[in-house]
Number of protein chains: 2
Amino acid sequence: MIYSSELIKGTLKTIVLKLLADNKKMYGYEITQKVKELTLDKIQITEGALYPTLHALESDGLVTIETEYIGKRVRKYYSLSPSGKNKTKEKVSELADFMETMQFLLDIKTKTV
Amino acid sequence: MIYSSELIKGTLKTIVLKLLADNKKMYGYEITQKVKELTLDKIQITEGALYPTLHALESDGLVTIETEYIGKRVRKYYSLSPSGKNKTKEKVSELADFMETMQFLLDIKTKTV
DNA sequence: CAAAGATACATAAGTTTCCAATGTATCAGA
DNA sequence: TCTGATACATTGGAAACTTATGTATCTTTG
């Protein structure tokens, strides 16, 4: 089962930031594979969503880029900047809070009836 | 604190369906107030988001409408249709599953490091 | 009793954010 | 040699929401 795409909306940026916080340094393709692996294929980040997101994070100054060559192939490593680390904490705790609220909403029936 | 709006995206339809499942019969304005109340003002559904959503649910056959007049003022009550009840179960369990996955992703660090 | 705020519906224009499709190129294995 | 994986990127389009605006009624308060 793959989650319907609308659920990913609004969480992608947070997922990427969190992965970078946990892994110091990752490149785009690696991120897509890591998310796929960690979520047992239930979340698949498409490249059309990821790359614009990474570029946005960079232009917001939240990540820095190091380019490496593996043979002749380019690989761009992304790392959190100091402000990126702060932003990650904010986003993660906001999302955690939001999910707690949502879980309460979803469980209303069993809790109040 | 109010959640940044991108988090709501993709969950609104599920929230509305779930509220209707728990309360049998609600009207639009009531839904906005109920969500506000249950989430301690952290989720505020705007009318510009809610009414189109309700209309979409209706045209998908997931809800039925009863119109009432309170004095001269119209009030439209929404109820789940049979297929709406099934859809609610699907959407709620998908969202619950998604949030479990997300919580795992957010907690990776403390679980694996 | 007038004005403000709450109730209650609705739509339109604009933005954000993602998906699907497409493109380029390299590398590994059968 | 060709297929599939690796690795980047962009474009067009759809979906879902926000902001703004509109109409109208009812209630409360100075």
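All chains are named by letter (A, B, ...) in the order of the sequence lines, taking the proteins before the strands, and each is independently numbered beginning at 1.
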Let me know the distance between [atom1] of [X] and [atom2] of [N], rounded to the nearest Å.
X	N	atom1	atom2	answer
Met26(B)	dT7(C)	CE	C1'	15 Å
Ile2(B)	dT19(D)	CD1	P	10 Å
Ile31(B)	dT7(C)	CD1	C1'	15 Å
Lys76(A)	dT6(D)	NZ	C1'	16 Å
Glu30(B)	dA8(C)	CD	C1'	12 Å
Leu7(B)	dT16(C)	CG	P	17 Å

So which protein N/O to nucleotides 17-21 of chain C N/O distances come out below 3.5 Å?
from	atom 1	to	atom 2	distance (Å)
dC18(C)	OP1	Gly10(A)	N	3.0
dC19(C)	OP2	Thr46(A)	OG1	3.0

For [N], does OP1 or OP2 lie under 4.0 Å from any side-chain N or O of [X]?
X	N	result
Tyr51(A)	dC8(D)	yes
Tyr27(A)	dA7(D)	yes
His55(A)	dC8(D)	no

Side-chain touch Leu95(B)/Thr11(B), heavy atoms, less than 4.5 angstrom: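 They are in contact (side-chain heavy atoms under 4.5 Å apart), so the answer is yes.
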Contacts of type side-chain hydrogen bond (donor to acceptor under 3.5 Å, both in side chains), residue Ser83(A), not counting sequence neighbours: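 Scan of Ser83(A) (side-chain hydrogen bond (donor to acceptor under 3.5 Å, both in side chains), adjacent residues dropped) gives Ser81(A).
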Residues which pass side-chain hydrogen bond (donor to acceptor under 3.5 Å, both in side chains) with Thr101(A), listed by chain and number, not counting sequence neighbours: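 Result, side-chain hydrogen bond (donor to acceptor under 3.5 Å, both in side chains) vs Thr101(A): Tyr3(B).
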Exercise: identify the closest heavy-atom pair between Met102(B) and Ile43(A):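 Result for this residue pair: SD-CD1, 4.1 Å.
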Where Gln103(A) and Met99(B) come nearest, the two heavy atoms and their spacing: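 The answer is CG-CE, 3.9 Å.
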Residue pairs passing the salt bridge (charged side-chain N to carboxylate O under 4.0 Å, His left out) test where at least one lies in residues 74-100 of chain B, sequence neighbours excluded: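 As it turns out, the salt bridge (charged side-chain N to carboxylate O under 4.0 Å, His left out) pairs with a partner in residues 74-100 of chain B, which skip direct neighbours, are Glu6(A)-Lys91(B), Lys42(A)-Asp97(B).
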Could you go through residues 30-37 of chain A and list every donor-acceptor pair under 3.5 Å that involves a side-chain atom there, pairing it with any protein atom two or more places apart or in another chain?
from	atom 1	to	atom 2	distance (Å)
Glu30(A)	OE1	Tyr27(A)	N	3.2
Thr32(A)	OG1	Tyr29(A)	O	2.6

Neighbours of DNA chain C within residues 61-75 of chain B, by heavy-atom distance under 4.0 Å: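 Nucleic-acid contacts, sorted: Arg73(B), Val74(B), Arg75(B).
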May I have the list of side-chain donor-acceptor pairs in residues 47-72 of chain B shorter than 3.5 Å, sequence neighbours left out?
from	atom 1	to	atom 2	distance (Å)
Thr53(B)	OG1	Ala49(B)	O	2.8
His55(B)	ND1	Tyr51(B)	O	3.3
Ser59(B)	OG	Ala56(B)	O	3.2

Whichever hydrophobic residues join Leu40(A) through chains of side-chain contacts under 4.5 Å: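 Result for Leu40(A) is none, singleton.
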